[in-house]
Novice: 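Right, I'll just put the structure down here and ask away after.
By convention in this document, chain letters (A, B, ...) are assigned in the order of the sequence lines, proteins followed by strands, and residues within each chain are numbered from 1. What you are looking at is a predicted structure, and each value in this text was computed from that prediction instead of being measured.
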Protein chains: 2
Amino acid sequence: MAQNNVSPWIENAAEAPVEMSARIRLARNIRHIPFPHMVRDGDALDEVLEKLGAAFDEYQKVSMNMLKFEDKALLVEKHLISPLFTRQGLHSYINEEESVSIMVNEEDHIRIQTMGAGIPIQDLYREAEAIDESLEDVVDYAFDENFGYLTACPTNVGTGMRASIMLHLPALTLGRKIERLSGNLNRFGFTLRGIYGEGSVPLGQIYQLSNQLTLGQTEEEIIQNLDELKSQIIEEELEMRSRLQSEHLLEVKDSVHRSYGILKHAYKMSLKEAAKCLSDVKLGIDLGVLEQKNFKFQKWIQLIQPAFLKMRLNEQHKHYTSLEQAVDEERATLMRELSGGK
Amino acid sequence: MAQNNVSPWIENAAEAPVEMSARIRLARNIRHIPFPHMVRDGDALDEVLEKLGAAFDEYQKVSMNMLKFEDKALLVEKHLISPLFTRQGLHSYINEEESVSIMVNEEDHIRIQTMGAGIPIQDLYREAEAIDESLEDVVDYAFDENFGYLTACPTNVGTGMRASIMLHLPALTLGRKIERLSGNLNRFGFTLRGIYGEGSVPLGQIYQLSNQLTLGQTEEEIIQNLDELKSQIIEEELEMRSRLQSEHLLEVKDSVHRSYGILKHAYKMSLKEAAKCLSDVKLGIDLGVLEQKNFKFQKWIQLIQPAFLKMRLNEQHKHYTSLEQAVDEERATLMRELSGGK
């Protein structure tokens with residue numbers, strides 16, 4: 001696993017307008033072993049690992065207590081482990097593409113996660129389901145006839161599934177349509193929120209559409225609903241983009257090209273600004289007002305994250321007095337390189 | 001006179017750090033003819049013209065009542081006439097280089113103006129003095145033994161001379177040193193103020209250093225004092241630039257290159273922003289943090305002015321709904337062309 005690079009599945013992801021990637025996460029627990037947060041000594045957690053045995057021999061096993069802080073931060077940025085998942089004695093199994101990770105002893109005993117770009121979310125679910133079924137041959141899941149899968153947090157009980165789709169919504173953001181949209185989605189048991197950062201406008205105008213409910217619906221129903229809502233949101237985004245183009249072409253062209261100019265010329269750049277500029281350039285390319293052949297939105301959004309840049313700084317043995325400033329400088333250097341500036 | 005181009009003397013001006021150009025203006029009036037603002041009918045003004053006769057036959061005679069509004073605006077931007085000088089029946093004689101203009105019947109009967117870049121202000125004074133002396137053979141100046149030259153406005157009585165030097169002071173502006181400097185200069189009878197626009201930071205961080213007093217000192221004394229003060233200000237500016245470079249190199253490099261990126265990539269731009277970006281780029285070149293071979297600060301500062309851009313729009317027969325927006329768009333187009341953007 002080349003930790004200093006983006007995940008192969010992102011490296012190879014095709015660029016599409018609006019839809020970026022999707023993710024399935026199944027939460028599973030083993031019968032008769034207490035949930036991780038109830039465990040005081042590590043023996044019970046070791047038992048989980050033992051029970052899994054050789055189930056994931058084909059994957060790379062990453063033990064959290066073997067990793068330095070910055071390596072963990074990188075895995076978090078790659079969505080291969082959750083931010084919580086940095087306790088001692090926890091493990092993750094990761095495939096070569098870094099599109100599958102099985103987290104052991106995080107919030108639940110087992111969390112199966114599949115990610116992909118340009119792949120129908122149904123396929124990602126099938127991939128997770130296959131892993132799930134193979135595990136069922138090895139371990140005895142905590143399952144209740146009425147409730148379904150039992151999980152550490154009650155919000156996951158039932159299917160134990162969280163399905164999410166990452167969407168780039170710059171026009172809906174600009175048009176201040178996100179809040180209304182988000183409110184409507186909540187009523188159907190879905191949420192729409194920024195992936196990176198907080199505040200009213202998320203980093204890179206990238207949002208995650210996901211199911212909130214795990215009870216009362218089958219996995220297939222949830223996924224189908226999610227997929228339909230996604231299509232509606234994409235349609236609304238594209239409609240807003242058309243309006244931008246027909247009513248505010250000069251303004252859009254101007255702001256898109258300015259952002260491109262900043263990526264090409266700046267010598268220091270905050271994460272927030274870099275994400276905004278990348279988002280603008282992506283929008284410009286999608287609208288046909290900017291040509292940039294080698295632009296890779298998903299990849300570059302990963303590369304501007306702090307842990308990635310710290311890794312680069314370490315590799316180059318760069319000296320600095322302020323890490324934060326060095327990261328902002330390295331971010332700008334990388335953006336200049338990638339966008340063909342000097 | 002190619003009105004749609006910058007003046008030849010600016011086109012050919014060498015780029016220097018800080019010092020841009022200089023100007024001498026002599027105010028003269030003819031004995032026994034009332035000052036222009038006292039004249040109700042045009043006969044007295046015609047008399048001034050008659051008296052001048054063939055004195056400026058070698059120059060181009062520009063009659064204000066023959067010009068359209070936009071042509072006058074262009075001459076104002078070129079500093080060949082003053083903004084006041086747009087009344088009917090007034091004239092200006094302009095040489096081929098557009099470095100000499102003799103305004104007739106503006107505030108005073110005659111105003112002799114010489115401009116230049118990379119020329120000692122002493123030489124510009126000598127040039128104006130030679131014109132002044134040749135005129136003295138033709139007309140009888142209003143001159144008082146005690147007061148010197150009499151002028152329409154009492155602030156010009158005495159030498160009737162206004163000598164000014166244009167300076168680019170981005171570092172002193174950034175370091176908020178202008179106000180103190182300006183206060184000190186006032187005590188010596190000199191002023192330092194923005195050429196273009198109002199507000200605390202003038203357009204392009206370009207200032208005009210000039211004498212306020214025209215009484216009690218000879219022309220030579222005024223010019224020598226002005227020249228010495230100029231050298232002091234230049235020294236202070238260069239010292240501030242060194243400090244910027246040694247203490248804030250990354251910040252300077254970043255802001256300079258961002259401004260360059262905006263010039264190269266924007267699709268609409270206000271006068272204020274364009275002037276700020278040009279000023280940054282000029283500073284970057286002077287500091288050696290940006291290379292830009294064909295950059296011409298004085299020329300480009302002229303080209304971004306509204307009347308120049310309106311002229312370009314007219315030449316291209318462009319259609320627009322809002323003139324102001326069309327000018328902002330044309331300004332960005334021109335900047336992209338000149339800075340090598342697309």
Novice: Do the charged groups of E329(A) and K253(B) touch, with an N to O distance under 4.0 Å?
Specialist: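 No, this pair does not count.
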
Novice: Around atom CD of E235(B), are there more than 12 heavy atoms from other residues, nucleotides or ligands closer than 6.0 Å?
Specialist: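 No, not enclosed.
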
Novice: Is it the case that more than 12 heavy atoms not belonging to E179(A) sit under 6.0 Å from its CD atom?
Specialist: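 Open: at most 12 neighbouring heavy atoms sit under 6.0 Å from CD of E179(A).
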
Novice: Heavy-atom count check: over 12 atoms from other residues, nucleotides or ligands less than 6.0 Å from K272(B) NZ?
Specialist: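 No, not enclosed.
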
Novice: If you count every heavy atom of other residues, nucleotides or ligands that lies below 6.0 Å from E324(B) atom CD, does the total exceed 12?
Specialist: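 No.
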
Novice: Please determine whether side-chain contact (heavy atoms from CB on, under 4.5 Å) holds for the pair R258(B) and R258(A), giving the CA-CA distance in whole Å, both sets of side-chain angles, and the decisive distance to 0.1 Å.
Specialist: CA-CA 9 Å; R258(B) 278 169 184 263; R258(A) 277 168 184 264; over 6 Å; no

Novice: Quick check: does any side chain N or O of D254(A) sit under 3.5 Å from a backbone N or O of A266(B), one acting as donor and the other as acceptor?
Specialist: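 It does not hold such a pair.
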
Novice: Identify the heavy atoms of E251(A) and Q325(B) that sit nearest to each other, and give their distance.
Specialist: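 Of all heavy-atom pairs spanning E251(A) and Q325(B), the closest is OE2-OE1, 3.9 Å.
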
Novice: Does atom CZ of R176(B) have more than 12 heavy-atom neighbours from other groups under 6.0 Å away?
Specialist: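 Open.
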
Novice: What class does the angle between the rings of H265(A) and H257(B) fall in, given that below 30° is parallel, 30 to 60° is tilted and above 60° is perpendicular?
Specialist: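 If you compare the ring of H265(A) with that of H257(B), the planes turn out parallel.
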
